Asks: 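Have a look at this one before I ask anything.
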Amino acid sequence: MSVNLTPRMRSWIEHLGLHIALADGRAVPTVIVADKCFVSGHTIRVPLSRAQAVQAKGCLHENRNFAAAPGKLGAVRAPYQFKGIGRLEREDLILEVSKIYCTRPGSESGIRMDILGQEKMRAFEEARWKDIEPPGIQKEP
């Protein structure tokens with residue numbers, strides 16, 4: 001079952017990208033660092049370089065599961081892990097998110113946020129974080 005990402009999750013992913021973990025059928029890991037990502041509902045579209053697409057294709061052919069987390073400062077300030085199924089469309093990696101975990105240190109680490117439902121997930125975020133967008137982001141005129 002898929003789950004829509006919150007506006008905060010979307011903002012951090014679209015501004016700071018993702019670190020995406022894939023593994024082949026023998027569990028050999030591959031990590032793709034993506035600076036550009038686009039979120040729509042429960043789907044994250046990641047444009048890949050040709051080399052990244054070849055690398056991802058090899059993994060996804062054997063194992064479509066992924067885990068991803070916000071990149072750069074988002075790794076600390078946007079403590080989420082997204083899991084689901086990935087596929088390639090041309091040189092875009094399409095990530096269908098079905099599970100969202102909180103990775104914030106302490107008692108909240110490992111909470112599965114997607115089972116809270118959309119409203120409770122947003123309330124969980126609002127009670128803990130006030131930064132909807134990453135700091136220092138330049139708004140386009």
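Treat the numbers as computed from the prediction; the structure is a model and nothing was measured. Just so you know, residue 1 is the first one in the sequence shown, and it goes up from there.
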Asks: Using atom types as modelled and distance alone, determine if a side-chain donor or acceptor of Asp114 lies under 3.5 Å from a backbone N or O of Ile100.
Replies: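 Present.
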Asks: Just verifying a value: how many Å separate Ile85 CD1 and Asn63 CG, rounded to the nearest 0.5 Å?
Replies: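 One gets 8.0 Å once the value is rounded to the nearest 0.5 Å.
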Asks: Using every non-hydrogen atom in the two residues, find where Gln52 and Val33 come nearest and quote the distance to one decimal.
Replies: NE2-O, 3.2 Å
Asks: Where the side chain of Thr6 meets the backbone of Met9, is there a donor-acceptor pair that is under 3.5 Å apart?
Replies: yes
Asks: Exactly one of Asn65, Ile32, Val28 should register a side-chain contact (heavy atoms from CB on, under 4.5 Å) with Leu22. Which one does?
Replies: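 Checked Asn65, Ile32, Val28 against Leu22; only one passes side-chain contact (heavy atoms from CB on, under 4.5 Å): Ile32.
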Asks: Quick one: pull up CZ in Arg77 and CZ in Arg104 and give me the separation to the nearest 0.5 Å.
Replies: 11.0 Å
Asks: How far does CG of Leu88 sit from CD1 of Ile94, to the nearest 0.5 angstrom?
Replies: 8.5 Å
Asks: Between Val39 and Trp129, is there a shared hydrophobic cluster once you connect ILVMFWY residues whose side-chain heavy atoms come closer than 4.5 Å?
Replies: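 Yes, it is one cluster - the side chains of Val39 and Trp129 are joined through contacts under 4.5 Å.
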Asks: For the residue pair His42 and Ser98, establish whether any side-chain heavy-atom pair is separated by less than 4.5 Å.
Replies: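 Counting from C-beta outward, His42 and Ser98 never come under 4.5 Å.
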Asks: To the nearest 0.5 Å, what is the distance between CZ (Arg26) and SG (Cys59)?
Replies: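 Interatomic distance, Arg26 CZ to Cys59 SG, rounded to 0.5 Å: 9.5 Å.
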Asks: Below 4.5 Å, heavy atoms only, C-beta onward: do Leu16 and Pro70 meet side chain to side chain?
Replies: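 With C-beta onward as the side chain, the pair stays apart.
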Asks: With Phe66, which of Leu18, Val97, Leu93 fulfils side-chain contact (heavy atoms from CB on, under 4.5 Å)?
Replies: Val97
Asks: Would a distance-only check, ignoring hydrogens and angles, find a side-chain to backbone donor-acceptor pair under 3.5 Å from Trp12 to Ile132?
Replies: yes
Asks: Please give me the minimum heavy-atom distance between Asp92 and Pro47, naming the atom from each residue.
Replies: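 Smallest heavy-atom distance, with atoms named: OD1-CA, 3.4 Å.
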Asks: Assess whether side-chain contact (heavy atoms from CB on, under 4.5 Å) is satisfied between Phe82 and Leu5, documenting all intermediate values.
Replies: CA-CA 9 Å; Phe82 307 101; Leu5 280 65; 3.9 Å; yes
Asks: Minimum heavy-atom separation for Ala34 and Ile20, please, with both atom names.
Replies: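 Answer, listing the atom of Ala34 first, then Ile20: CB-CD1, 4.2 Å.
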Asks: Can you tell if the side chain of Arg8 reaches within under 4.5 Å of the side chain of Asp131, non-hydrogen atoms only?
Replies: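 Sidechains of Asp131 and Arg8: in contact.
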Asks: Any Lys/Arg nitrogen of Arg45 or Glu89 sitting under 4.0 Å from an Asp/Glu carboxylate oxygen of the other?
Replies: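 Salt bridge: no.
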Asks: How close do Glu14 and Cys37 get, counting heavy atoms only, and between which atoms?
Replies: CG-O, 3.3 Å
Asks: If you measure from SG on Cys102 to CE on Met113, what distance do you get to the nearest 0.5 Å?
Replies: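 Those atoms lie 6.0 Å apart.
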Asks: Using atom types as modelled and distance alone, determine if a side-chain donor or acceptor of Arg10 lies under 3.5 Å from a backbone N or O of Ser40.
Replies: no
Asks: Within the supplied structure, the quantity of interest is the number of heavy atoms (other residues, nucleotides, ligands) at a distance under 6.0 Å from Lys72 NZ; does it exceed 12?
Replies: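 Count over threshold, so yes.
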Asks: Which value, rounded to the nearest 0.5 Å, describes the distance between Leu95 atom CG and Arg64 atom CZ?
Replies: 11.0 Å
Asks: Does Lys99 offer a backbone N or O that forms a donor-acceptor pair with the side chain of Gln81 under 3.5 Å?
Replies: no
Asks: Is there a continuous path of hydrophobic side-chain contacts, each under 4.5 Å between heavy atoms, that joins Phe124 to Ile13?
Replies: yes
